[in-house]
Amino acid sequence: MRTIEYIDNLQREGELLADAAKQAGEHAPVPTCPGWTTGDLVRHTSTFHRWAARIVAEQLLPGPVPEDPMPQAPTGAALLPWFWDGHGSLVQTLRTADPELDCWAFLPGAPPPLTFWARRQAHETAVHRVDTESARGGELSPLDAAFAADGIDELLTGFHARPKSRVRTEHRRTLRVRPSDADAVWTVRLSPDAPPRTERSAAGPADCELAGPAQDLYLLLWNRLPLDAVTITGDAALAGLWRETSGVG
């Protein structure tokens, strides 16, 4: 996807998040983030928006750049305007940044920094928009299949390529992820002593395959939907292991 498409998705997802938060109310519990309220989620997301905007605007190097401490964010009627201010600042920073800027990015194999941060914040906001809509109740707003497939790719080839990924198997196993509405497929090779190794292909046999719409696979892999939201063939215990160990801190 192009950088401008990520920024457009970031803007849309932030608008949906704020709308759902307004409907849910600040103190609504968030089923997909146990122990959190909608207010906690809004403060968390806006804090990361501000952190990313600062990294891009100030072209901060080298990394890692410590996350900004959680501010004494407003509550009540002032909370959503505070969110809008941070979200708008991030969108504007990304839209006006030099495409060739150099700043810190934290995932292996990341695209150029501006694209990295537009992509990362678009998906960060999309996942937390889903959390906020889960607190509001009712139907989730749909995700574009290409955007959802891109989010699967970021999760598998970026987050879970890092040594800190906790997804390990007793013996070498293979998990395949196959969206039904996107021209993409991933083969994830699991082992006892290394992080998952993901290939963008369907080469070779798989012990377990997850199949379904890209949106459902995206949210399942981020642990926002139950396992029965997609079709599982092969060893379902491997899908269960993902559920138990794949949380990203």
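- Checked by atom type and distance alone, the side chain of Ser165 never pairs as donor or acceptor with a backbone atom of Ala161 at under 3.5 Å.
- Interatomic distance, OG1 of Thr187 versus CZ of Arg200, reported as 12.0 Å (0.5 Å rounding).
- Side-chain contact of Asn9 with Glu5: a donor-acceptor pair under 3.5 Å is absent, judged by distance alone.
- Under the salt bridge (Lys or Arg N to Asp or Glu O under 4.0 Å) criterion, Arg168 pairs with no residue, sequence neighbours left out.
- Note that the CG atom of Leu175 and the OG1 atom of Thr169 stand 10.5 Å from one another [nearest 0.5 Å].
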Report all side-chain donor-acceptor pairs from residues 102-117 shorter than 3.5 Å, counting only partners two or more places apart or in another chain.
unit_1	atom_1	unit_2	atom_2	d
Thr115	OG1	Thr3	OG1	2.6
Trp117	NE1	Trp104	O	2.7

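- Going from atom CD of Gln92 over to atom CD1 of Ile7 covers 10.0 Å, rounded to the nearest 0.5 Å.
- Between Glu15 and Arg12 there is no salt bridge, since none of the side-chain N atoms of the basic residue sits less than 4.0 Å from a carboxylate O of the acidic one.
- Ion pair Asp216/Arg224 not flagged as a salt bridge, since none of the NZ, NE, NH1 or NH2 atoms sits closer than 4.0 Å to an Asp/Glu carboxylate oxygen.
- Expressed to the nearest 0.5 Å, how far CG of Leu238 lies from CZ of Arg243 amounts to 13.5 Å.
- Put simply, the side chain of Glu133 gets close to the backbone of Ser141: a donor and an acceptor are under 3.5 Å apart.
- Residues Leu80 and Ala18 share a closest heavy-atom pair of CD1-O, 3.9 Å.
- Atom CG of residue Leu221 and atom CG of residue Leu210 lie 6.5 Å apart, to the nearest 0.5 angstrom.
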CA sep, side-chain torsions, deciding dist, call: Arg119, Asp153, salt bridge (charged side-chain N to carboxylate O under 4.0 Å, His left out):
CA-CA 11 Å; Arg119 181 193 205 194; Asp153 189 81; 3.3 Å; yes
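- For the pair Arg50 and Trp82, the cation-pi criterion (under 6.0 Å, within 45° of the ring axis) is fulfilled.
- Atom-to-atom distance recorded for Arg136:CZ and Leu17:CG is 10.5 Å, nearest 0.5 angstrom.
- When each of Phe48, Tyr218, Trp222 is paired with His123, the ring-ring contact (aromatic ring centres under 6.0 Å, His included) condition holds for Tyr218 and for no other.
- With respect to the salt-bridge test (charged N to carboxylate O, under 4.0 angstrom), the residues Arg176 and Asp207 do not qualify.
- Evaluation of the side-chain hydrogen bond (donor to acceptor under 3.5 Å, both in side chains) rule for His128 yields His44, Glu124, Asp131 as partners, not counting sequence neighbours.
- Using a 4.0 Å cut-off between charged nitrogen and carboxylate oxygen, Asp8 and Arg2 do not count as a salt-bridge pair.
- Using a cutoff of 4.0 Å between basic side-chain nitrogens and carboxylate oxygens, Arg43 and Glu26 are scored as salt-bridged.
- Side chains of Thr125 and His87: no donor on one and acceptor on the other come within 3.5 Å.
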One pair to check against side-chain hydrogen bond (donor to acceptor under 3.5 Å, both in side chains): Thr32 and Ser134. What are the steps and the verdict?
CA-CA 7 Å; Thr32 49; Ser134 76; 3.2 Å; yes
